[in-house]
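Take a look at the structure set out below.
Bear in mind that the values here come from a model prediction, so they are computed numbers and not experimental data.
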Amino acid sequence: ILLGAGIWAGPNLSNVTATHTPASPDRLGNFTGAMLLVVFTYLGWDRLGQLAGEMKNPGRDIRRVLVWSVSLVIILYVALAAVIHSAIPVD
């Protein structure tokens with residue numbers, strides 16, 4: 001719904017081209033926060049082996065499902081990030 005509303009409203013390029021200086025120059029804290037988000041993205045991948053045991057043709061199906069689902073998530077994430085940055089100013 002957010003993605004559709006953002007596309008319907010149209011882009012606001014003045015928000016996209018604005019710059020912002022981070023409030024915290026703490027590099028270790030920024031790195032730690034970023035790594036926590038990276039670790040969060042790997043949750044659930046450990047269950048892939050259990051799922052493969054239930055499939056008839058896991059060699060073909062897992063590869064196909066992973067490529068399509070990860071591609072869809074990347075496309076939706078980038079599109080939603082573009083809409084959010086277009087709608088909300090950096091300040």
Side-chain angles (χ1 to χ4, degrees):
I1 294 172
L2 289 174
L3 184 58
I7 292 172
W8 178 75
N12 184 358
L13 297 180
S14 65
N15 289 341
V16 177
T17 58
T19 59
H20 178 68
T21 305
S24 168
D26 179 24
R27 292 177 189 240
L28 181 62
N30 293 338
F31 180 76
T32 304
M35 288 300 106
L36 285 174
L37 294 175
V38 169
V39 169
F40 179 69
T41 62
Y42 285 102
L43 294 176
W45 289 99
D46 57 337
R47 299 198 177 45
L48 190 59
Q50 298 169 354
L51 180 65
E54 302 291 328
M55 294 181 157
K56 291 182 181 177
N57 190 357
R60 176 188 61 127
D61 294 338
I62 288 181
R63 187 178 317 121
R64 184 178 52 158
V65 168
L66 284 177
V67 167
W68 282 104
S69 61
V70 170
S71 299
L72 178 66
V73 167
I74 288 171
I75 290 168
L76 289 174
Y77 180 82
V78 170
L80 188 60
V83 165
I84 288 172
H85 284 293
S86 174
I88 302 173
V90 175
D91 296 340

Looking only at non-hydrogen atoms, find the nearest pair between L2 and V83 and report the distance.
O-CG1, 3.9 Å
Between I62 and V70, is there shared hydrophobic-cluster membership here, with clusters defined by ILVMFWY side-chain heavy atoms closer than 4.5 Å?
yes
Give a yes or no on whether V38 and V78 share a hydrophobic cluster (residues Ile, Leu, Val, Met, Phe, Trp, Tyr; joining criterion: side-chain heavy atoms under 4.5 Å apart).
yes
Hey, could you give me the CE/CG distance between M35 and L28, rounded to the nearest 0.5 Å?
11.5 Å
Side chains of L76 and L3: closer than 4.5 Å at any heavy-atom pair?
yes
In this structure, CD1 of I75 is separated from CG of L80 (nearest 0.5 Å) by 13.5 Å
